[in-house]
Amino acid sequence: MPLTKWKSILGSENVLDDADTLAQYTANVTGLERTIRAVLYPSSTAEVQKIVAIANEHRAPLYPISSGKNWGLGDRLPVQSGAAIVDLKKMNKIHHVDSQHGYAVIEPGVTQRQLYGYLQEHNLPFIINITGAGSDTTFIGNAMDRGIGYYGSRVESMSGLEVVLGNGKLLETGFGHYPNAKSTYLYPYGVGPSLEGLFFQSNFGIVTKVGMELILNKDSHAYLSCSIEDEDKLIPFVNALSDLRKRKIVNTTFHISNAHRVEINACPLLYQHFLKEGLGEEASKKQAIEIFNKIKKCWSASCGLLGTESYIKEAYACTKKALKGMGHVSLITTAKVKRRQKIADLLSFLPSYRQEKALLKTIEAPLGHSKGIPSNDALNSIFWPLGEKPRDLINPAQQNCGKLYILPLVPMDGQSFFEAVKLTEEILEEKYGFTPYITMNMAKDKVFESVINIAFHRSDQAKVDKAHQAIKELNQQFVTSGFIPYRVGIQAMSEIIDPNDYHWQLVAELKDVFDPNKIISPGRYNLV
């Protein structure tokens with residue numbers, strides 16, 4: 001039996017199939033149900049190879065995860081039932097950080113908190129391209145699903161992949177397969193056909209090590225915030241921000257959010273502030289909502305700025321000019337926040353400064369994110385829409401919160417942005433009655449990566465079914481309209497894969513090359 005053999009190589013403590021463990025791993029915020037066979041915890045690439053060899057021998061499917069915090073897209077669940085989860089969290093070595101060329105060589109279990117702490121401890125002049133999914137989320141798992149960080153795509157920062165293929169062989173991409181190659185982590189393509197792209201959003205193997213580019217911490221840093229109060233100005237607002245990015249006046253990622261999204265990020269922080277100030281739970285919640293409603297804008301945008309002082313001043317001035325008569329623009333720095341906090345503390349006996357003191361708490365988290373500082377603050381947004389108090393902030397799947405995402409790719413222009421928003425509102429809000437939480441991020445110079453989600457109580461099966469129907473219909477409408485999702489939940493894999501499309505037929509044929517026994521993540525972005 002594969003379990004007995006896996007225990008012989010990993011130890012019994014690293015092969016778990018008890019009911020409590022299986023229940024923990026199958027709990028998820030999407031409201032989906034899957035069964036799993038066991039959970040395996042390898043500690044090295046060699047152990048992963050042995051796991052794969054045994055899986056091939058017994059035709060036992062495997063589903064690798066790095067941290068399993070794929071919130072709203074399946075969490076830790078496999079696409080198909082019956083797999084053994086390969087949890088790579090114990091493979092968490094930071095093999096090397098190159099301070100001259102600015103990259104880190106890491107394993108799948110390395111978390112945002114861990115790498116940030118390493119850079120701080122060694123006083124290295126770099127920041128990391130974080131996400132708001134939590135301090136204990138990992139880089140490789142997110143990148144393998146083409147995740148987007150605060151400063152853009154993570155895929156483009158990866159090179160020199162080490163992959164245990166489904167056939168058990170070890171592949172090193174780029175120049176990695178040449179002994180003593182000096183450019184493995186400096187240039188991703190190597191010589192000859194480029195293979196690394198085959199392992200993003202695929203089920204051909206298990207990635208066990210990568211080189212990841214770091215972001216050089218520049219002389220100065222600031223957080224740029226913009227907003228509009230008039231929905232009619234949305235198209236020119238988006239066009240102006242897109243133009244700033246395309247002309248490299250602002251060379252980082254604008255994140256554009258509707259009022260609903262801003263609310264579920266800001267209100268929990270306001271609520272926690274008032275709790276610490278001594279207000280009760282109900283009074284704190286009421287105060288948080290009242291303050292947010294006073295400052296609410298229909299659309300808000302923000303980005304981090306890195307560079308010289310003169311560059312930041314110029315980017316700010318150009319943004320103000322571009323949005324003149326259209327919206328509000330502010331430039332926030334750590335020094336400015338500290339000054340405002342000091343004044344607010346001194347004058348907190350005045351109502352306006354008590355409000356200022358509370359609002360400053362909502363700036364700390366996004367300002368930190370723009371500086372590459374990971375936090376768990378954004379996880380509050382899972383609980384807030386449902387009126388639930390988090391018992392365990394970093395494990396929302398263990399509570400009643402339900403969340404589903406859809407992530408279409410939208411051309412970077414105001415009209416396309418507007419059309420995608422209206423389509424979302426018509427289906428999610430007007431037809432199904434769900435509040436649409438929308439953010440669009442400038443993934444590159446020409447496209448927005450949309451992050452759209454809805455919230456529901458998982459204890460209400462009718463609500464769960466309705467939520468899945470709403471997301472399925474919206475997904476179909478996006479595809480019909482040409483806004484194809486760049487990333488999908490496990491329940492939607494079959495919806496985007498057409499068996500009559502030669503692209504997917506070829507992907508299935510490649511599976512025969514890399515994983516002839518079909519043991520790695522069956523059904524994940526593949527017909528097989």
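- F139 is listed as a side-chain neighbour of I128, based on a closest heavy-atom distance under 4.5 Å.
- The aromatic rings of Y103 and Y185 sit tilted, their planes meeting at an angle between 30° and 60°.
- Among D75, T30, V79, the one residue that satisfies the side chain to side chain contact (heavy atoms under 4.5 Å, CB included) test with I490 is V79.
- Side-chain contact annotation: N475 with E495, donor-acceptor N/O pair under 3.5 Å present.
- With a 4.5 Å cut-off on side-chain heavy atoms, T138 and Q114 do not count as touching.
- Residues meeting the ring-ring contact (aromatic ring centres under 6.0 Å, His included) test with Y150, sequence neighbours left out: H255.
- For the residue pair N28/R458, the side-chain donor-acceptor check at 3.5 Å is not satisfied.
- Looking at D465 and Q461, their side chains do bring a donor and an acceptor atom within 3.5 Å of each other.
- For the pair E425 and K422, the salt-bridge criterion is met [side-chain N within less than 4.0 Å of a carboxylate O].
- Counting heavy atoms of neighbouring residues, nucleotides and ligands inside a 6.0 Å radius, atom NZ of K90 exceeds 12 of them.
- Donor-acceptor pairing under 3.5 Å is lacking for the side chains of T253 and N441.
- Of the charged side-chain nitrogens involved, none lies within less than 4.0 Å of a carboxylate oxygen, so that D136 and K89 do not count as a salt-bridged pair.
- The closest side-chain donor-acceptor pair between D87 and Y25 falls under 3.5 angstrom.
- Taken from CG in L22 to OG1 in T35, the straight-line distance is 9.5 Å, to the nearest 0.5 Å.
- Using a 3.5 Å distance cut-off with no hydrogens or angles, the side chains of N14 and E47 do not pair a donor with an acceptor.
- Annotation: ring-ring contact (aromatic ring centres under 6.0 Å, His included) contacts of Y437 (sequence neighbours excluded): none.
- A salt bridge does not link R37 to D17: none of the charged side-chain nitrogens sits closer than 4.0 Å to a carboxylate oxygen.
- Across L407, L428, T439, a single residue satisfies side chain to side chain contact (heavy atoms under 4.5 Å, CB included) together with I452, and that is L428.
- Heavy-atom neighbours of E13 CD from other residues, nucleotides or ligands within 6.0 Å: above the threshold of 12.
- Distance check: N129 CG to I215 CD1 gives 4.5 Å after rounding to the nearest 0.5 Å.
- At least one test fails for K371 against the ring of Y116: distance under 6.0 Å to the centre or angle within 45° of the axis.
- The line from OH of Y525 to CH2 of W504 is 8.5 Å long, rounded to the nearest 0.5 Å.
- Looking at V513 and F204, their side chains never come closer than 4.5 Å, going by heavy atoms from C-beta outward.
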Practice item. Might you work through the salt bridge (Lys or Arg N to Asp or Glu O under 4.0 Å) test for R146 and E449, ending with a clear yes or no? Key: CA-CA 11 Å; R146 297 205 181 99; E449 169 250 7; over 6 Å; no
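- A salt bridge links K431 to E473: at least one charged side-chain nitrogen sits closer than 4.0 Å to a carboxylate oxygen.
- Within a 6.0 Å sphere centred on OH of Y486, other residues, nucleotides and ligands contribute more than 12 heavy atoms.
- Between A443 and I148, the shortest heavy-atom distance links the atoms CB-CD1, 4.0 Å.
- Looking at heavy atoms from C-beta onward, S416 lies out of side-chain contact with F448 at the 4.5 angstrom threshold.
- Between G304 and Y151, the closest heavy-atom pair is CA-OH, 3.7 Å.
- Here the side chains of Y432 and I427 are in contact, with some heavy-atom distance below 4.5 Å.
- Between the side chains of Q415 and E419, a donor-acceptor pair is found at a separation under 3.5 Å.
- Other residues, nucleotides and ligands place more than 12 heavy atoms under 6.0 Å from the NZ atom of K466.
- At a threshold of 4.5 Å between non-hydrogen side-chain atoms, the residues L171 and F199 count as touching.
- Contact check for K444 versus M412: no side-chain heavy atoms found under the 4.5 Å cut-off.
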